[in-house]
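Ligands are counted one by one from 1 in listed order, and the atoms in each one are counted from 1 as well. Positions are given from 1 along the sequence. Basis for what follows: all heavy atoms, side chains included, without hydrogens, waters or symmetry-related copies.
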Amino acid sequence: MILTNEINNKKRPFLIAGPCSVESEEQVVSVCNDIKVQTNASVLRGGIWKPRTRPNSFEGVGAIGLPWLVKAGKQTGLPVTTEVANAKHVELALKAGINILWVGARTTVNPFAVQEIADAVKGTNVPIMIKNPVNPDLMLWIGAFERFQKAGITDLTAIHRGFSIYNHPKYRNVPNWEIPIALKEKLPNVHLICDPSHISGKRNGLLPVSQKAMDLNFDGLMIETHPNPDDAWSDAKQQVTPLGLKNILDSLVLRKEELTGDSITKMEVMREKIAGLDDKIFELLTARMRLSEEVGIYKRQHDITILQQEHWKKVISYRLSKTEDYKLTDKFVRDFMDALHQESIRHQNNVMNPDLK
Ligand code: PEP
Ligand code: MN
């Protein structure tokens with residue numbers, strides 16, 4: 001099969017579902033049959049070798065589970081996928097008849113491991129899905145794509161599963177949506193699948209993350225699905241039943257990317273208003289930097305340093321005290337003021353040290 005063609009041909013969201021871990025033949029076969037009944041899933045997933053944080057957790061049933069997953073695929077008529085982390089996994093998975101392989105987040109971080117897997121699939125035409133690395137490093141993610149491309153593998157798909165963070169109140173792995181968006185800019189032909197299970201880490205976070213992914217034009221979703229989620233041997237909190245999965249899919253609002261009919265002119269009017277405001281913002285920024293240069297000239301003439309720490313602290317805390325009036329987040333105001341300050345320093349430096357630019 002060619003996964004990229006399948007994704008092209010199916011209606012959004014292209015759905016990949018199945019348990020975090022394959023636990024028994026009964027478990028994987030029954031949940032996959034239920035997924036088939038309840039949803040329009042296109043691919044079934046199941047973890048055979050599990051990269052767990054602590055060694056005493058369940059680390060997957062291992063190769064014994066491969067034929068169980070393959071059987072679930074045969075019964076439902078759907079392709080199956082599992083995670084591979086080394087050449088041995090690739091060999092065993094392909095021999096057992098697994099249709100699609102995925103590289104997990106803990107593997108994408110390691111170029112040695114990715115290269116080993118790329119070498120192991122060389123000469124096959126097996127579809128590969130590459131999860132983002134655990135750390136928010138776009139180039140490392142792209143590097144993994146390049147290693148497979150160099151091995152002659154062209155059927156490549158990206159899975160966004162969020163990025164590691166210590167103790168976040170909302171996410172198990174923060175989405176940093178700008179990173180998959182940047183991946184799409186660099187690799188426009190690669191399809192993007194979102195994995196809301198590992199991003200949210202909890203059942204009630206699956207719908208909002210899935211909705212956001214759809215609103216950002218992701219092609220598909222990979223959602224962990226288990227017959228009895230609370231009893232799952234791994235990732236119990238984030239798994240849903242096939243019926244739970246169906247409910248999430250039914251609640252998703254699928255909006256269209258293209259503008260049609262009336263909305264073309266309506267959107268144009270609103271966008272022009274916004275562009276008009278953006279023009280004003282940039283005119284103000286230009287005027288603002290002209291004043292910074294005046295300040296820079298004065299500081300040069302009177303031998304005063306560019307950075308005035310105490311003054312800057314006051315400026316920042318004044319703006320941060322007004323974020324509610326502005327209806328902006330503290331983070332946005334902080335980031336915006338920092339960017340403004342950096343640019344202002346650059347302008348002052350240009351006039352203060354014209355020869356050292
Ligand atoms: C998984 O999909 O079960 C998994 C281990 O994911 P990740 O590589 O995103 O941690
Ligand atoms: Mn999992």
OE2 (E224) - the Mn ion (ligand 2) - OD2 (D235) angle, nearest 10°: 130°

Give me the nearest non-hydrogen protein atom to [atom] as residue plus atom name, then the distance to 0.1 Å.
atom: atom 8 (O) of ligand 1; answer: A105 N, 2.9 Å
atom: atom 4 (C) of ligand 1; answer: H198 NE2, 3.5 Å
atom: atom 3 (O) of ligand 1; answer: K50 NZ, 2.8 Å

- prompt: In terms of ring plane angle, is the pair H302 and Y298 parallel, tilted or perpendicular, where the classes change at 30° and 60°?
  reply: parallel

Does the side chain of [X] come under 3.5 Å of the side chain of [Y] through a donor N or O and an acceptor N or O?
X: H89; Y: E83; result: no
X: H226; Y: D235; result: no
X: Q238; Y: E224; result: yes
X: D195; Y: H198; result: yes
X: N33; Y: Q75; result: yes

So if I count the atoms of ligand 1 from 1 in the order they appear, which ones are less than 4.0 Å from some heavy atom of [X]?
X: E224; result: 1 (C), 2 (O), 3 (O)
X: G104; result: 8 (O)
X: R45; result: 1 (C), 2 (O), 3 (O)
X: C20; result: 3 (O)

statement: With heavy atoms and a 4.0 Å threshold, my read on which part of E83 contacts ligand 1 is side chain

message: Starting from Y326 and following side-chain heavy-atom contacts under 4.5 Å between hydrophobic residues (I, L, V, M, F, W, Y), which residues can be reached?
response: I281, F282, L285, M289, W312, V315, I316, L320, L328, F332, V333, F336, M337, L340

message: I'd like to know if R290 pairs up with E294 as an ion pair, taking the criterion as any Lys NZ or Arg NE/NH1/NH2 lying under 4.0 Å from an Asp or Glu carboxylate oxygen.
response: no

field: Option set K131, R106, M222, R161, criterion heavy-atom distance to atom 6 (O) of ligand 1, minimum
entry: K131

- prompt: So which of the N, O or S atoms of H198 lies nearest the Mn ion (ligand 2)?
  reply: NE2

